[in-house]
Amino acid sequence: MVQKYFEVLNLLGQYQHFALSTHVNPDGDALGSELALYSILKDLGKRVHIFNTDITPKTYHFLPFQHHIKSPADLRTVYSGIMPEVLVVLDSGSLDRIGDQLARQLQPTEAIVNIDHHNTATKFGDLNLIETGASSTAEIIYRLIEASGMEMGPERALCLYTGLMFDTGCFRYSNSTPVAHRIAADLIEEGISVDEVYRFVYDTVPQVRLHLLGDVLQTLETTEDAKIAWISVTQDALKKNEASSNDLEGVVNYIRSIDSVEVAIVANELETGDTKISMRSKTNVDVGQICGLYDGGGHARAAGCLIQEPLYEALAKVVASARLHIDGWNSKSE
Ligand code: 5GP
Ligand code: MN
């Protein structure tokens, strides 16, 4: 596996002109790993631009270099016909996760490099650095920097610690491996202040989030055995609270925390009328597989998909699929 890191480093060394991107609705890991790699490439004297479909949530405005992130609308002015040699896609199980427009228009002349840790990762790159055992894409970028012999430094450490902290749920989930903790310790030694990162990411929310949370928790429903629980978030609920889908970050964890629950679902009605599903499981059900049935994916305990159907129709389908998985698992364990 070490070999793969050197292949990526060779490729990064070989070319001069890079674009970076990550998945829609970027989270701490997506942004942290992207910005740390941006900084490395800059220090190597490369020409590099970051294009993300969705704007960086305010929560992450504390991250160094985030002001360099551009939107798909900037493609034309930045490139005016001359595309970058290499596109590096981070934390995205498939190329379409970077968003339709970028996937179509951001076509590098030489290679796509895919760096990811999702169970459902596909090998869409010309070079694929996929580590399903890694806690986060940040962990992979940490190893890449280590292999390069370049200095970590407090700015890159802050980016990577944010990614690691986010994807391990503040070192609570099963991906909080000894390796993840060792890397965290190393990053902290670069001089970052962990309480500040935590405060920025989790303890600084606009008031609307709490109003929205109050409203959406009222929609809680469960199956008869209460193993599957879900909430439905309508456009009306978002508009009433002047909130957006971003303000639902973390809400699914409240649903999963119910003692009886094995699978937690948040169904979010989008402006388009389609439905975004966020799914979590507690111990046994592979929600990455369930979301895979609907062209989504993710990890065994955290996954999502976009279903082109109205809220309640989409919800009925994923609840039925979760039911089948739970029943399948029960019959296997008996
Ligand atoms: P969340 O529920 O927080 O949006 O996402 C949980 C996990 O599932 C993340 O690792 C995320 O990358 C993945 N995920 C969420 N939505 C989708 C989707 O529509 N497609 C795929 N392939 N993965 C998703
Ligand atoms: Mn990730």
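Counting from 1, the numbers follow the sequence of the chain as shown. Both counts, for ligands and for their atoms, begin at 1 and track the order of listing.
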With a 4.0 Å cut-off on heavy atoms, does [X] reach ligand 1?
{"X": "E249", "result": "no"}
{"X": "A302", "result": "yes"}
{"X": "T120", "result": "no"}

Which protein non-hydrogen atom lies closest to [atom], naming both residue and atom, and how far is it?
{"atom": "atom 6 (C) of ligand 1", "answer": "R280 NH1, 3.6 Å"}
{"atom": "atom 8 (O) of ligand 1", "answer": "A303 CA, 3.1 Å"}
{"atom": "atom 11 (C) of ligand 1", "answer": "R97 NH2, 3.7 Å"}
{"atom": "atom 10 (O) of ligand 1", "answer": "H118 NE2, 2.9 Å"}

Charged N-O contact under 4.0 Å between [X] and [Y]:
{"X": "K4", "Y": "E131", "answer": "no"}
{"X": "E313", "Y": "K317", "answer": "no"}
{"X": "R323", "Y": "D327", "answer": "yes"}

Nitrogen or oxygen atoms of [X] and ligand 1 under 3.5 Å apart:
{"X": "D91", "value": "no"}
{"X": "H23", "value": "no"}
{"X": "D295", "value": "no"}
{"X": "S94", "value": "no"}

| E309, CD: over 12 other non-hydrogen atoms inside 6.0 angstrom | yes
| request: Assess whether atom CG of D43 is packed by more than 12 heavy atoms of other residues, nucleotides or ligands within 6.0 Å. | output: yes
| query | Can you name the closest pair of heavy atoms from V216 and I231 and give their distance? | reply | O-CG2, 3.6 Å
| note | Taking every heavy atom of T168 against every heavy atom of L164, the minimum-distance pair comes out as OG1-O, 2.7 Å
| Atom pair CE/OG of M150 and S39 - distance to nearest 0.5 Å | 7.0 Å
| field | Separation between CD of E34 and CZ of F51, rounded to the nearest 0.5 Å | value | 11.0 Å
| field | Parallel, tilted or perpendicular: rings of H118 and H23 (30°, 60°) | value | perpendicular
Under 2.8 Å from the Mn ion (ligand 2) - does any N, O or S atom of [X] fall there?
{"X": "D116", "answer": "no"}
{"X": "H118", "answer": "no"}
{"X": "D27", "answer": "no"}

Can you name the N/O/S atom of [X] that is nearest the Mn ion (ligand 2)?
{"X": "D91", "value": "OD1"}
{"X": "D167", "value": "OD2"}
{"X": "D29", "value": "OD2"}

| remark: Checking T122, D91, N128 against N114 for side chain to side chain donor-acceptor pair (under 3.5 Å), the one that qualifies is N128
| task | Pick out which of R256, R301, H325 makes a side chain to side chain donor-acceptor pair (under 3.5 Å) with S281. | result | R301
Element-labelled atoms of ligand 1 that are located less than 4.0 Å from some non-hydrogen atom of [X]:
{"X": "L306", "value": "19 (O)"}
{"X": "G296", "value": "20 (N), 21 (C), 22 (N)"}
{"X": "K276", "value": "15 (C), 16 (N), 17 (C), 18 (C), 19 (O)"}
{"X": "S278", "value": "1 (P), 2 (O), 4 (O)"}

| said: Using a 4.0 Å heavy-atom cut-off, which part of C305 comes near ligand 1: side chain, backbone, both, or neither? | reply: backbone
| message | Just to be sure I read this right, does ligand 1 sit under 4.0 Å from the backbone of H299, its side chain, both, or neither, counting only heavy atoms? | response | side chain
| Given S136, G93, G297, which has its nearest heavy atom closest to atom 13 (C) of ligand 1? | G297
| message | Quick one: does any side-chain atom of T275 pair with a main-chain N or O of L311 as donor and acceptor, under 3.5 Å? | response | yes
| query | Among the clusters formed by ILVMFWY side chains lying less than 4.5 Å apart, do I40 and F6 turn up in the same one? | reply | yes
